[in-house]
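Here is the naming used below: chain letters follow the sequence lines, and residue numbers restart at 1 for every chain. Bear in mind that the values here come from a model prediction, so they are computed numbers and not experimental data.
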There are 2 protein chains.
Amino acid sequence: MKMPSFQVYNGGVKLFFGINVIGNAEEFIKAYKRILLVTGRRSAKISGALDDVTSILDKHGIEYTVYNDIVPNPIVENVEGIVKAYKEFGAEAIIAIGGGSIIDSAKVARLVISGGGSVVDYLYGRKPYPEKLPFLLAINLTHGTGTEIDKYAVVSIVETKEKIGISAGYPNVSIDDPRYTRTLPRNQTIYTSIDAFAHSVESATSTRSSPYTWLLAEEAIKHIVKHLPRALEKPDDLEARYWLLYASMIAGISIDHGVTHIGHGLEHVFSGFNPKLPHGAGLAILYKALLQFFYKLDPEVMARILKPLDPELKPRVEDAEKAQKAYNKFLEEIGFNESFSTYGFSIEDVKEAVKFYYENEKMKRYHGLAPKLPSREDLEKWLTSLI
Amino acid sequence: MKMPSFQVYNGGVKLFFGINVIGNAEEFIKAYKRILLVTGRRSAKISGALDDVTSILDKHGIEYTVYNDIVPNPIVENVEGIVKAYKEFGAEAIIAIGGGSIIDSAKVARLVISGGGSVVDYLYGRKPYPEKLPFLLAINLTHGTGTEIDKYAVVSIVETKEKIGISAGYPNVSIDDPRYTRTLPRNQTIYTSIDAFAHSVESATSTRSSPYTWLLAEEAIKHIVKHLPRALEKPDDLEARYWLLYASMIAGISIDHGVTHIGHGLEHVFSGFNPKLPHGAGLAILYKALLQFFYKLDPEVMARILKPLDPELKPRVEDAEKAQKAYNKFLEEIGFNESFSTYGFSIEDVKEAVKFYYENEKMKRYHGLAPKLPSREDLEKWLTSLI
């Protein structure tokens, strides 16, 4: 299949997609004299993205410094670190090179840089957003989060164990180059792809879903089911990476419009409890029980978008179990064998998580986004089966 | 099928789609004290949209005046009229209620209002765009142009017979309510739907096309082929109108990303020569000869998106004629029997149009957007067959 380079305009972001599209960032970067780079410890280097960026910066004599102290499932302190580094360096713009943790942290840091106050002010919605934010270029290195094309960001508060998603504003410019995802480790390849899968499912079944999110979800899942096994077999298969990145990007447009609901809400509880649980792994595990519930919420849409997992699925409630089996089989085939025990969760932890999900004020924002909430008893039963 | 109300964020526009979504405009409108309404002579009234808008304006005591002197295939003078009316009234914002002519004229007027100079300065790209434009709410009354969701506008210069499309900026907020399209006359129902069809085909085959525009085009054409006959049979069929409007809107996202090429370039020549030729009618006629050329440009994409016209189409050059026949048959079935003669064009006019298309400087912008240009001889032969 052809693999053209192209642009996408979603909300306030101009995204360049394709092989070798980094050159398109030059015209935006060169307007600044001092830039803060926010990166992971390894990924920016081994993917080749950091070298590509610094070549452009050096060519134009732009001063830069690197902040790379970000943990996965990023916390308030990461954002504060970016804000401090930005101010100390006297930066005028940010280039974030990485996956969801890096880009999300940079998104929230922009609010604090321009609007002052504390990170928690923005997470709790206690402070109005500033009108103008510093320029942010997001160079995305994973095919999962969609954060490079959407307005959302997720940050955890360690003390309260809350992992909070907010609408933080779009990057100004984003780069999605499949070349940079060829060095993704095997487990990250799985986690991020399942994250994009979950974005598709939830944005197509939420109370804000639409024909547009159904369409995007259907297309994204088609490519994930087809190309994830190929990327696992041959990690540097550029065609497989192109389509996985495309799937993740359009699933990002889909959540930007249709949002997420119970799956992401619950996952945020679990990785808020244990930040070592990667977001995509948490979702992959949760979906081993939740997918059938989602199917029952909207059999018509679910049958349509899950066809690649099982072409026999019919738009009827009775097929929920069949859909669940097809998903679980897919996980087995790609070699995903993790469960809650993998991350040390006990039955008590799961009960605590369900309680937290139903009772914590900050989690309630997810409740209205699902067409229906499962009963606490049902949810507890399903999730304890995942230990 | 479910018909949810939803929002779309494409580029700088926030679009509300669905039955009775006008209420969503209230929060944006009420920030202004004096608003210029730009409308058609009849459509805003008979669709019910004008009443819906003035109810909101009256509720908040907002002063308004109506400018309704816009011709189809709008000309420079229409834009100047809007600018004058805006300034004389001391307006702070514009609400455009209508189809492409109304909304496009308002889009270009915004440039002149903020940036000064003449309309032609902007059409010829001689003047830089102003940074801040007046607020524009676009209430779309047809299922064709996609201008409510894209950044383009088309305006004609009478003296030079040029019809010029420019990137004029997005409306701030748009309303797509299928209720307002139920009063579209039969011929407009056809013309606008074929316009959306042409947007789909061209944006999926241009040099800027992408997997995203292929996807949107496929979906739009599916709904046009299915629902246009229904809307013609029963004009107030709200379900048919919902899906035609949805098709037009996503075809609008598609041209915003993938642009148009030869079909629109040529149509602009013909309706520049004779402004009585409705844009969609011009396209419908041209496609009776051009569709097979487009098919040959990209059989893989064309076979995919034209499946609803003929499920037997294969992704090979030899099927171009088959695709052409399927399109012509569809036109017959919906009762479209117009040709160039309907609008008084002679063989000489067609030759003149082809010459104009190849030689006029302003038309050359279209040439590079098609993967390949037909030879002048071929084009002349094809188009004279349409008289």
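Your options are B:G12, B:P4, B:P211, and the one with the most heavy-atom pairs under 4.5 Å with chain A is B:P211.
When the side-chain contact (heavy atoms from CB on, under 4.5 Å) test is applied to A:P229, the partners found at least two apart in sequence or on another chain are A:F330, A:I334.
Both the backbone and the side chain of B:V8 come within contact range of chain A, each with at least one heavy atom under 4.5 Å from a heavy atom of that chain.
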With 3.5 angstrom as the limit, list the donor-acceptor pairs from chain A to chain B, or say none if there aren't any.
{"from": "A:K2", "atom 1": "NZ", "to": "B:D298", "atom 2": "OD1", "distance (Å)": "3.3"}
{"from": "A:K2", "atom 1": "NZ", "to": "B:D298", "atom 2": "OD2", "distance (Å)": "2.5"}
{"from": "A:Y9", "atom 1": "N", "to": "B:H257", "atom 2": "NE2", "distance (Å)": "2.8"}
{"from": "A:Y9", "atom 1": "O", "to": "B:G11", "atom 2": "N", "distance (Å)": "3.2"}
{"from": "A:G11", "atom 1": "N", "to": "B:Y9", "atom 2": "O", "distance (Å)": "3.2"}
{"from": "A:P211", "atom 1": "O", "to": "B:Y246", "atom 2": "OH", "distance (Å)": "3.2"}
{"from": "A:Y212", "atom 1": "OH", "to": "B:Y212", "atom 2": "OH", "distance (Å)": "2.5"}
{"from": "A:Y246", "atom 1": "OH", "to": "B:P211", "atom 2": "O", "distance (Å)": "3.2"}
{"from": "A:H257", "atom 1": "NE2", "to": "B:Y9", "atom 2": "N", "distance (Å)": "2.8"}
{"from": "A:D298", "atom 1": "OD1", "to": "B:K2", "atom 2": "NZ", "distance (Å)": "3.2"}
{"from": "A:D298", "atom 1": "OD2", "to": "B:K2", "atom 2": "NZ", "distance (Å)": "2.5"}

